[in-house]
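Structure record follows, encoded as structure tokens.
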Amino acid sequence: MAKVTLIFKLPYYTEWGQSLVIAGSAPALGSWNVKQGLALSPVHEGNALVWCGQVSVPAVFTCEYSYHVVDDHKNVLRREAGEKKKLVVPEGVKDGDVVEVRDWWQDASEALFLRSAFKNVIFSTTDNAKRQLQPPSLSKTLDPEDIVVQFIISCPRLAAGSTVVVTGSNLAVGNWKAQNGLKLNYVGDSIWKAYCVLRKSEFPVKYKYCQVSEAGVSSLEFGPNREVDVDLSSPKPSRHILLSDGSLREAPWRGAGVAVPMFSIRSNEDLGVGEFPDLKLLVDWAVNSGFHLVQLLPINDTSVNKMWWDSYPYSSLSVFALHPLYLRVQALSDAIPADVKEEISKAKKELDKKDVDYEAALATKLRIAQKIFNLEKDKVLNSAPFKQFLSENEEWLKPYAAFCFLRDFFDTSDHSQWGRFSQFSKEKLDKLVAADALHHDIIRFHYYVQYHLFTQLSDAATYARKNKVILKGDLPIGVDRNSVDTWVNPTLFRMNTATGAPPDYFAKSGQNWGFPTYNWEEMSKDNYGWWRARLTQLSKFFTAYRIDHILGFFRIWELPEHAATGLCGKFRPSIPLSQEELLGDGIWDFDRMSRPYIRQDMLEEKFGSLWTVVASNFLHEYQKHCYEFKEECNTEKKIITKIKTSPEKSLWLEKEDSIQRGLFDLLQNIVLIRDPEDSTKYYPRFNLEDTSSFRDLDEHSKNVLRRLYHDYYFVRQENLWRQNALKTLPVLLDCSDMLACGEDLGLIPACVHPVMLELALIGLRIQRMPSEPGLEFDIPSKYSYMTVCAPSCHDCSTLRAWWEGDEGTRSRFYKTVIGSDKEAPSRCTPEVVNFILQQHFDAPSMWAIFPLQDLLALKDKYTARPAAEETINDPTNPRHYWRFRLHVSLESILEDKDIQASIKNLVTSSGRSFPGNKTDKA
């Protein structure tokens, strides 16, 4: 069998102790086993470090492969992003020939435009699918002076009807005239190729790739000339050179979008809350306004408590099931009886309120859906589309339906209270969903509702894609502890803990979301199957998504389950302060520093005349003037319970809140937090210098603790957190081809932004939350490309509410950012709004995404509602009612051509792409 030698060459700079390996589908490249792959060796070529390796393969040879950065033991440290590379040995090679592959490392940012948001939406492959695949062919008979060069380039953003040519410093490539250049053939997956036969004497050749439009207009790629040369001094020079040149170099692509919660949408057809079919109207408005993206908050079922608490969209009952709140009952059947139609009409009027009435809207929809289900259940559940839906989703759908039945039967979602059903098993599930069970129609009703939700959202998602609008979803950081997921997969969660965030811009005392933290070690055992299933489900509807609190994939703020606030937590994973380390620094009184520091004078100051009542009910005096909490109230949740239920509660009537705050302050008055799983390990309490426990220490102890505090929070964890993120985040990114954005606000470790850049995760920038120290307001013109910029988001006040909320803030903004010496208007006028929005549209950020409330503020007629009422969430309130609803319908703003034209003008004048722009058609 004829054999050829493949020589791989890849310019790549590594760090000390790193090397490169090729792993591929062929045995010669390790059959995807990196440890058995082809090891490369470094060679200096000019200023470049080039990694080289060779292998003998049959003359007829194809394979897929990718490059990996490894350590001395061939453990993978980094891998190429995007699709696997494809290698085809050129035709015409002879036994003993040398084929040289001059490659490039495909980084994550280069692979972004191969994600579904671009590939299947903005630069839709519809036209590419129509392109005739034309593998390049070589007809010339070669003589000894000939060298065959194959040009290979990826062009995911190529305009419709355009072709690609190579033009350069040689007659064979057009002598820098595009019309005479070498035409490339489309071979699929955005790749273009062509052969060119050059004489040895013609090297080196400088060249560039060029787009040629259907009308014959040519456009050279950006950047310096490329160059191909050969080493004629080699005893056996390459006869074939494959120039794998990466992607066509183009100007950075920038787009814009609108963000609004699903529940906030108002339409003429809804029953008091936004519904999935309304997304079609929103897509129409987005297209008219020049937007390529519509962003939503999470849309999963949150029906844990069966009350308005469930309006919180980030606390999922199931990460797979959709929320029945967003169901359009009118679309359930073509044969709805007249009495049900009348009921729907009546409900529409009753629920047409200023804000969402969560409980009433959900109850009404489920009641009406039940009536329609009773009429047509056999017809729908025996249909081919439903059977296909059930077959494709039964892994999560059956446990979800069983959970909902048990929740309602036991009147609680706390599955620890379900007796023999507390422990999930496949056998119990089969009995719960069995066709002969008395409650089987209840199970089938949950199937029915999920089927219609799936259908309605899928229909809206298809409509968005056809109109070149990306639907962007939201991936919550946690799940409710009383959820289907914790019932079915309890080992994947640390159920004795809670997830939150340390004090930051959003909440000065931290946040406690209540979700159990993830057991990443257990999740890794099946290669993160739960995450893979979750992202696969999300990708059925969305082509982009926001990773909520991406910092949690580096480290999570973990709190004990008995905590009610978010202050006294620790990072997981993290390197704690060991007892040995503390002793070495002269810190020895661990009991003093890790137990609440309570003295009589503090009680008198906090509680005044009630201090003796508080002390006798909650505290024990263990020595003169020194107190500790009683066992029955030594946690935050125990304090809350005792305040509400104590027989003595009449003594603090109408002062419950202030007493609770005071007791929490005392409980949190510590310097070190002892690890509940290892008593020899400690964590510095966040903002420890704010405590009287710290202030009353000796100066030596204070200085040591200051140094260790800084070391714990800002130094010693960086490498650990980087490694943790590089272990978990690539799993998410590999689960689907959605475009991923990360919410990276808050206390940001130094390792976060470099890792996000390495993985091409798009960050978030909010102008009033500057990422640079010392700034009060960020400068959008200085944002990096790999960001989403926005004037506000759902976790803070709207642009109008922020502007009108504090005179000092707006005055400083008006002077330093807008550049005016005049007095700042107290009202956020359309002119102010226009200036701030224009800043964001003009920013270098890949995406500018605006809350719909901020966009409507461009016109006075939409600002009659008090600005404070447009705020979606208050992060400081764990029981916030998420009920904001637009005060205008989508139909009415669709009729307002003026505001759509104004917004589109902002899009186009900033150079951002928009639907209908000819360069968006691939």
**Study point:** F454, F320, F276, Y463 screened by ring pair (Phe, Tyr, Trp, His ring centres under 6.0 Å) with F541, the one that passes
**Key:** F454

Exercise for review: Only counting residues at least two apart or in another chain, list the ones meeting salt bridge (charged side-chain N to carboxylate O under 4.0 Å, His left out) with D408.
Suggested key: K306

Practice item. Output yes when a side-chain donor or acceptor of N374 lies under 3.5 Å from a complementary backbone atom of Q370, and no otherwise. Key: yes

Review point. Is there a donor-acceptor pair under 3.5 Å between the side chain of R407 and the backbone N or O of V304?
Key: no

Check your understanding: For L406 and H415, what are the C-alpha separation, side-chain angles and deciding distance, and is it a side chain to side chain contact (heavy atoms under 4.5 Å, CB included)?
Key -> CA-CA 8 Å; L406 292 169; H415 38 81; over 6 Å; no

Review point. Aromatic ring centroids of H323 and Y358 under 6.0 Å?
Key: yes

Review point. Any side-chain heavy-atom pair from Q511 and P875 closer than 4.5 angstrom?
Key: yes

Review point. Quick one: does T543's side chain have a donor or acceptor within less than 3.5 Å of a partner on S116's backbone?
Key: no

Review point. Under 3.5 Å, side chain of K365 to main-chain N/O of L271, donor-acceptor pair present?
Key: no

Review point. Shortest non-hydrogen contact from K472 to V788?
Key: NZ-CG2, 4.3 Å

Point to revise | Test item: H439 and F409 side chains (from C-beta on) under 4.5 Å apart, heavy atoms | key: no

Review point. Hey, is the main chain of D270 close enough, under 3.5 Å, to the side chain of D278 for a donor-acceptor pair?
Key: no

Check your understanding: So, T517 and E558: side-chain donor and acceptor under 3.5 Å apart, yes or no?
Key -> yes

Exercise for review: Determine whether F373 and L381 make a side-chain contact, defined as any pair of heavy atoms from C-beta on separated by less than 4.5 Å.
Suggested key: yes

Review point. Are the side chain of E359 and the backbone N or O of W308 linked by a donor-acceptor pair below 3.5 Å?
Key: yes

**Study point:** E636 side chain vs T565 backbone, donor-acceptor pair below 3.5 Å
**Key:** yes

Exercise for review: State, with a plain yes or no, whether a side-chain heavy atom of P324 is found less than 4.5 Å away from one of L362.
Suggested key: yes

**Study point:** Rounded distance (nearest 0.5 Å) linking atom CG of L745 with atom CG of L764
**Key:** 4.5 Å

Exercise for review: Answer with yes or no whether the side chains of D474 and Y314 bring together a donor and an acceptor at under 3.5 Å.
Suggested key: yes

Review point. What's the spacing between L279 CG and W285 CH2 if we round to 0.5 Å?
Key: 14.0 Å

Practice item. Side-chain contact test, heavy atoms from C-beta onward, threshold under 4.5 Å: evaluate it for W531 versus D734 and give yes or no. Key: no

Review point. For T871, does its backbone N or O pair with a side-chain atom of S797 as donor and acceptor, under 3.5 Å?
Key: no

Exercise for review: Over 60° means perpendicular and under 30° means parallel, so classify the ring planes of F386 and Y447, tilted if in between.
Suggested key: tilted

Check your understanding: For D352 and R266, what are the C-alpha separation, side-chain angles and deciding distance, and is it a salt bridge (Lys or Arg N to Asp or Glu O under 4.0 Å)?
Key -> CA-CA 9 Å; D352 188 20; R266 182 187 293 267; 2.7 Å; yes

Exercise for review: Please check if any side-chain donor atom of D301 sits under 3.5 Å from a side-chain acceptor atom of Y400, or the reverse.
Suggested key: yes

Check your understanding: Using the ring of each side chain (for Trp, its six-membered ring), is W557 parallel, tilted or perpendicular to F686, with breaks at 30° and 60°?
Key -> perpendicular

**Study point:** Exercise: identify the closest heavy-atom pair between P676 and K570
**Key:** CD-CE, 4.3 Å

Review point. In Å and rounded to the nearest 0.5 Å, what is the NZ to CD1 distance from K377 to I372?
Key: 14.0 Å

**Study point:** E392 and K540 ion-paired at < 4.0 Å
**Key:** no

Point to revise | CD on E870 to OG on S792, rounded to 0.5 Å | key: 9.5 Å

**Study point:** Reference residue E269; test salt bridge (charged side-chain N to carboxylate O under 4.0 Å, His left out); the match among K348, R328, K280
**Key:** K348

**Study point:** W418 side chain to T412 backbone, donor-acceptor under 3.5 Å
**Key:** yes

Review point. Any salt bridge between D430 and K426, counting N to O under 4.0 Å?
Key: yes

Practice item. Check whether any side-chain heavy atom of L726 lies under 4.5 Å from a side-chain heavy atom of Q723, and answer yes or no. Key: no

Review point. Ion pair present between R481 and D414, side-chain N to carboxylate O less than 4.0 angstrom?
Key: no

Review point. Would a 4.5 Å heavy-atom cut-off, applied to side chains only, mark L317 and D310 as touching?
Key: no

Review point. Short question: side chain of W396, backbone of V319 - any donor-acceptor pair under 3.5 Å?
Key: no

Exercise for review: Just say parallel, tilted or perpendicular for the rings of H794 and W882, cut-offs at 30° and 60°.
Suggested key: tilted

